[in-house]
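The structure under discussion appears below in the form of structure tokens.
Note that the numbering runs from 1 along the sequence shown for the chain.
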Amino acid sequence: MSDPSDNFDIENPKLPKDIKKNAMRSGFYPYADKLDWDVYEAEMLDLQKQLVLLQAHLAKTGERVMLVFEGRDAAGKGGTIKTYLENLNPRYNLIAALPKPNDRESTQWYFQRYVDWLPAAGETVLFDRSWYNRAGVEPVMGFCTPEQTEHFLEEAPEFEKRLTNDGIHLFKFWLSIGREMQLKRFHDRRHDPLKVWKLSPVDLQALDKWDPYSKARDEMLKRTDKPHARWTIIRANDKRRGRLTVIRSVLDRLDFSGKDLSKIGKIDPKITMSAEEFLAMDGVDAA
């Protein structure tokens, strides 16, 4: 099967018709259209009210929450985090989006700089990419050695076990998008003056590395999906459905005063999968 990027030129302001046509359904996405905006707004309002109740519960009990967001470039990680935090107190709900390590940090234990961002009592920390850079971006782009990646894949489950054993509620989300959807979103960024800042040199290099990223993702999921720290894969071609599903997944798993299952709603099984289910899907090239 031909790669849709074969006739894609990101500098051409006109997006190829086949990419535009196939974007939503790419990666065998189960919906042809976005969720209706009015439905989305109504459901999101109910969920954000529940998040406010969860925030009050965490402040009272001192419980700690961590959300790790991973996925290909343009998968929607940043927008999902922004939506999650929209009505929450930034004093207790923090974004961790760490830059490239400096010279000193590059000589530390790999997880050391992430430890500084672990939540204190009552806090929720949302990682816009995380220590899993070492299993995806870094090996694919040649920023680390195969030996370093192998060492990471051995250590990560043990590191996460220490977090969960200490009582931290850890959520790991992989936002999955299809090939044409990624190309469309890259194109949108390149030609929208309000979005062009989102397009980095690494993003542009990633255009030709779809298969290596898929291989790295699969190995990461196989090695780091453990009973104490499961991955949740959310198919995110439709950002609206994806954001609702992320928030529902958190609210569904945690207990808090005022929790209302009728307001939280059902998690959509068509776009939500375990790592095992995702890896078992034959012929689906989505990430």
Between Tyr110 and Trp131 (side chain of the first, backbone of the second, donor and acceptor by atom type, cut-off under 3.5 Å), is there such a pair? yes
Are Asn22 and Glu180 close enough, and set up right, to give a side-chain hydrogen bond (donor to acceptor under 3.5 Å, both in side chains), and what steps lead you there? CA-CA 6 Å; Asn22 297 324; Glu180 286 90 343; 4.6 Å; no
Could you point out which residue of Glu276, Glu277, Lys270 forms a side chain to side chain contact (heavy atoms under 4.5 Å, CB included) with Met273? Glu277
Is Asn237 reaching over with its side chain to a backbone N or O of Ser26, donor-acceptor style, under 3.5 angstrom? yes
Would you mind checking if Arg241 and Asp238 are paired as a salt bridge, meaning a charged N to carboxylate O distance below 4.0 Å? yes
Cluster overlap Val246 with Val39, hydrophobic side-chain contacts below 4.5 Å: yes
From the list Tyr84, Phe173, Phe171, ring-ring contact (aromatic ring centres under 6.0 Å, His included) partner of Phe69 resolves to Phe173
Can we call the ring centroids of Tyr132 and Trp231 under 6.0 Å apart? yes
Compute the ring centroids of Tyr40 and Trp37, then answer whether they are less than 6.0 Å apart. yes
Return the CD1 to OG distance between Ile234 and Ser249, rounded to the nearest 0.5 Å. 4.5 Å
Take Lys195 and Asp188 through the salt bridge (Lys or Arg N to Asp or Glu O under 4.0 Å) test and state the conclusion after the steps. CA-CA 8 Å; Lys195 296 180 180 179; Asp188 290 344; 5.2 Å; no
Short question: side chain of Lys184, backbone of Ile19 - any donor-acceptor pair under 3.5 Å? no
Apply the test salt bridge (Lys or Arg N to Asp or Glu O under 4.0 Å) to residues Arg248 and Glu43: give CA-CA distance (whole Å), side-chain angles for both, the deciding distance (0.1 Å), then the verdict. CA-CA 10 Å; Arg248 283 193 176 111; Glu43 294 185 4; 2.8 Å; yes
Before accepting this row, confirm whether a basic side-chain N of the pair Glu86/Lys82 lies closer than 4.0 Å to the acidic partner's carboxylate O. no
Side chain Arg64, main chain Asp166, donor-acceptor under 3.5 Å: yes
Between Arg190 and Glu11, is a salt bridge (Lys or Arg N to Asp or Glu O under 4.0 Å) present by the stated rule, with each step listed? CA-CA 7 Å; Arg190 175 65 185 88; Glu11 297 301 329; 2.8 Å; yes
Is it the case that the side chain of Arg235 and the backbone of Gly27 share a donor-acceptor pair, with hydrogens and angles ignored and the cut-off at 3.5 Å? yes
Is Arg223 salt-bridged to Glu150, cutoff N-O under 4.0 Å? yes
Using modelled atom types only, decide if a donor and an acceptor are shared between the side chain of His191 and the backbone of Lys14 within a distance under 3.5 Å. no
